[in-house]
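Right, one structure below, let's go through it.
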Amino acid sequence: MRSRYAGDPFTTSTPEIATALEDVSIPTLLLALVHITGDPRFIRDYKQMGIFLNEVQGFMSEEDKARARAEALSVIADYRDRGCPEPEPLSPELIREMMDWAACEHVGDDYLALVSEELDLDGVDPRRPAPLPAERTGELPVVVIGCGESGILAGVRLQQANVPFTIVEKNAGPGGTWWENSYPGARVDVANHFYCYSFEPNNDWTHFFAEQYELRDYFTKVIDKHDLGERVRWNTEVLAAEWNDDDGSWSVSVRGADGSAETLRARAIITAVGQLNRPNIPAIDGADRFAGPSFHSAAWDHSVDVTGKRVALIGAGASGFQIAPAIAADVEHLTVFQRTAQWMFPNPMYHDEVGDGVRWAMRHLPFYGRWYRFLVLWPGSDKGLDAAEGDPNYTGDDAVSDINAAAAMMFSQWITGQVGDDQELLAKVLPDYPACGKRTLQDNGSWLQTLQRDNVELVRTPIREITANGVVTDDGASHDVDIIVYATGFRHTDVLWPLKVTGRNGVDLHEMWGTRPYAYLGITVPEFPNFFIVYGPGTHLAHGGSLIFQSELQMRYVDQCLQRLAESDVHSMEPKPDAATDWHRRTQVQIKKMVWSHPAVKHSYFKNADGEIHTVSPWRLNEYWAAVREPDWSQFIVREGK
Ligand code: NAP
């Protein structure tokens with residue numbers, strides 16, 4: 001059977017192909033030509049000048065791009081005329097050379113296995129679990145909590161493993177974040193051709209950074225394709241879970257949409273509730289006295305029309321950053337209350353549509369989509385960690401390393417270049433902490449353009465109170481508005497809140513964690529047998545990469561744990577306490593080296609009340625990949641004797 005990534009055969013006319021080639025990423029095109037012809041000269045004859053985040057043309061000269069298009073046209077037309085035969089597999093040496101060429105640097109041995117797996121040129125979906133024999137699955141019901149990206153992934157993998165499962169979802173539909181966050185302007189800030197399951201690429205993204213509805217629809221399609229809908233209990237919330245040591249099972253208390261209570265029994269639980277899910281609404285004096293509508297960005301009230309209204313936007317992180325440009329032209333006046341200025345990364349493609357030519361290439365050119373994924377993955381992942389990691393020999397206090405200082409300079413130039421002579425605005429929008437100290441936002445200029453509109457005001461004075469008429473700041477100024485939008489983020493540090501989880505001997509998970517949540521490899525917790533967290537503490541990505549990638553690695557690990565659990569005499573498994581505390585300690589050592597821990601970063605959703613960070617991963621993707629590749633059973637307590 002034809003490899004699933006070899007492209008669909010086509011009969012597209014030569015002029016239409018030529019038009020498509022005007023649109024495509026030339027480095028990716030050249031890599032596809034190597035597959036079609038088996039001839040490495042298509043990379044050896046062309047030089048990419050570099051690779052950078054969101055730059056998919058490799059900084060090639062215009063002459064080289066034109067030459068590549070001309071060569072490609074005849075190769076592709078010939079391929080079409082030959083009936084689009086499936087390309088012969090390339091040697092591992094040549095694939096390695098292609099990786100290095102695409103990355104514009106040597107892809108080290110430590111990344112090779114990860115990248116090869118993610119590329120999956122063989123189309124075998126290497127993270128897919130082996131199916132359990134039917135006689136071993138019956139006693140293994142699993143409850144998955146949440147049907148966002150990681151819960152859907154869990155469903156796909158459990159189905160493939162023959163494990164019986166139920167997904168419990170509090171919303172009426174799938175997608176989690178991408179179901180709930182329907183605010184104007186909501187879109188992903190990780191390049192979409194990477195921010196999707198490795199085994200379910202989407203050739204049809206209409207934007208490089210898709211809007212919310214398209215992501216929601218993508219997740220719905222995955223559910224439908226894998227026939228998961230029947231396995232989901234919609235509009236049902238998990239309130240609590242309690243471990244029963246006698247029979248090695250969990251009692252999972254759920255509440256249906258009609259308020260009815262029910263208890264589900266599970267041998268294992270997978271929590272897939274995300275870390276950016278429960279809205280954070282700050283306790284501002286007088287908030288309940290406001291006379292008009294007010295709502296959180298993640299619970300946008302679409303019955304309220306903002307057109308012609310005076311709107312207060314409290315909070316200007318990733319969500320506020322998207323909301324303001326989306327509504328500014330419609331409202332009478334927009335007042336943005338920003339406590340801390342944000343660093344932003346220049347990304348001219350941020351709102352761009354994916355052209356028809358790119359979509360044609362994704363669909364038809366062998367392995368074009370796989371290499372494009374690599375082209376956005378490579379600079380968009382651990383390169384960010386280089387700018388975030390502190391250099392102990394760096395002496396300045398405005399940055400943490402030379403690379404970090406260079407990032408600050410680039411970002412500052414991007415900001416100052418847009419603000420011009422407006423010193424008052426510049427003072428408000430230039431951050432006063434090192435670059436990358438918080439999650440850097442993607443920006444195509446729309447934020448600062450919005451702030452320079454006549455009907456928009458950026459307020460940096462702290463909020464004192466809210467009255468019936470609007471927001472009063474510490475300087476006594478009253479900002480009268482009709483609507484208040486809280487874009488104030490999520491209770492990120494309260495991992496798994498408000499779920500009540502009771503483990504062995506009545507241990508309460510949140511009491512045990514206090515303000516310092518931890519889990520062995522971010523997945524399992526001592527005293528909580530058969531309990532698996534996808535996107536757990538210490539796994540949030542602050543430097544780059546894609547959470548879907550993280551979830552896929554974690555789910556492969558969980559699949560292997562479930563395989564073991566399905567063995568006839570295994571009662572339960574949990575990590576040894578030392579394994580978990582040692583992983584936590586090592587993670588903390590790394591986190592303290594990172595710019596996120598810098599004292600000048602006074603407010604950040606990563607930091608707990610003590611200024612510590614326990615939710616974010618400081619690890620390179622390859623390090624985490626290797627750590628969770630397969631369980632090290634010496635780090636577990638596996639109890640036998642069901
Ligand atoms: P956020 O980044 O945490 O931003 C919250 C905003 O509210 C910040 O401006 C924060 O100020 C402010 N705030 C919070 N508490 C406050 C208080 N007590 N008083 C005054 N201001 C307060 O939240 P978010 O914008 O919802 O984004 C959260 C994360 O979700 C993002 O980092 C990202 O990972 C994800 N996200 C992604 C996308 C996307 O993919 N495009 C979109 C939205 C969200 P400080 O900065 O001073 O704390």
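Counting starts at 1 for both ligands and their atoms, in listed order. Predicted, not measured: the structure shown is a model, and the values here were computed from it.
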Legend entry - ligand 1 versus Tyr183: contacting region, heavy-atom distance under 4.0 Å: side chain
Inset, instruction - With heavy atoms only and a cut-off of under 4.0 Å, state how Phe490 meets ligand 1: side chain, backbone, both or neither. - result: side chain
Inset, instruction - Consider only side-chain N and O atoms of Trp447 and Gln342, and report whether a donor and an acceptor are under 3.5 Å apart. - result: no
Legend entry - Polar contact flag, side-chain donor to acceptor under 3.5 angstrom, Asn347-Gln442: yes
Legend entry - Under-4.0 Å heavy-atom contact with ligand 1, by part of Pro462 that carries it: neither
Inset, instruction - Starting from atom 10 (C) of ligand 1, locate the nearest protein heavy atom and write down its residue, its atom name and how far away it is, to 0.1 Å. - result: Arg339 NH2, 4.4 Å
Legend entry - Polar atom proximity, Ser319 to ligand 1 (N or O, under 3.5 Å): yes
Inset, instruction - Report the nearest protein non-hydrogen atom to atom 32 (O) of ligand 1: residue, atom name, distance rounded to 0.1 Å. - result: Tyr605 OH, 2.8 Å
Inset, instruction - Could you tell me whether Tyr183 and His296 have their ring centroids closer than 6.0 angstrom? - result: no
Legend entry - Ring centre gap for Trp179 and Phe219 strictly below 6.0 Å: no
Inset, instruction - Within a distance under 4.0 Å of any heavy atom of His603, pick out the atoms of ligand 1 and give their elements. - result: 45 (P), 47 (O), 48 (O)
Inset, instruction - Could you tell me which atoms of ligand 1, counted from 1 in the order shown, lie closer than 4.0 angstrom to a heavy atom of Arg439? - result: 32 (O), 33 (C), 34 (O)
Legend entry - Listed once per pair and sorted, the salt bridge (charged side-chain N to carboxylate O under 4.0 Å, His left out) pairs that draw on residues 279-296, sequence neighbours left out: Arg289-Glu465
Legend entry - Nearest non-hydrogen protein atom, atom 12 (C) of ligand 1: Gly315 CA, 3.7 Å
Legend entry - Pair Tyr535 and His540, ring centroids less than 6.0 Å apart: yes
Inset, instruction - Could you check atom 35 (C) of ligand 1 against the protein and tell me its nearest heavy-atom contact, residue, atom and distance included? - result: Leu276 CD1, 3.8 Å
Legend entry - side-chain hydrogen bond (donor to acceptor under 3.5 Å, both in side chains) partners of residues 432-441, not counting sequence neighbours, each pair once: Asp189-Arg439
Legend entry - Which of the ligand 1 atoms, numbered from 1, are nearer than 4.0 Å to a heavy atom of Pro282: 17 (C), 18 (N)
Inset, instruction - May I ask you to check whether Tyr624 and Gln554 show a side-chain donor-acceptor distance below 3.5 Å? - result: yes
Inset, instruction - Output yes when the distance from some N or O of ligand 1 to some N or O of Thr340 is under 3.5 Å, and no in every other case. - result: yes
Legend entry - Check: Phe549 ring centre within less than 6.0 Å of Trp625 ring centre: no
Legend entry - Parallel, tilted or perpendicular: rings of Phe411 and Trp343 (30°, 60°): tilted
Inset, instruction - Name the closest protein heavy atom to atom 39 (C) of ligand 1, giving the residue it belongs to and the distance to 0.1 Å. - result: Arg187 O, 3.1 Å
Inset, instruction - Compute both the distance and the angle, then confirm whether Arg127 meets the cation-pi test with Tyr197: under 6.0 Å from the six-membered ring centre, within 45 degrees of the axis. - result: no
Legend entry - Under 3.5 Å: N/O of Trp178 near N/O of ligand 1: no
Inset, instruction - Would you check whether Gln338 has a nitrogen or oxygen atom less than 3.5 angstrom from a nitrogen or oxygen atom of ligand 1? - result: no
Legend entry - Per atom 6 (C) of ligand 1, closest listed option by heavy atom (Ser604, Gly489, Ala487, Ala298): Ala487
Inset, instruction - Compute the centroid of each ring, for Trp619 and then for Trp583, and state whether the two points are separated by less than 6.0 Å. - result: yes
Legend entry - atom 4 (O) of ligand 1: the protein heavy-atom neighbour that sits closest, reported with distance to 0.1 Å: Gly317 CA, 3.5 Å
Inset, instruction - Looking only at protein heavy atoms, identify the closest one to atom 9 (O) of ligand 1 and say how far it is in Å. - result: Ala316 N, 2.9 Å
Legend entry - Options Gln275, Gln322, Lys438, ranked by nearest heavy atom to atom 46 (O) of ligand 1, top entry: Lys438
Inset, instruction - Return the residue, atom name and 0.1 Å-rounded distance of the protein heavy atom closest to atom 27 (O) of ligand 1. - result: Ala318 CB, 3.7 Å
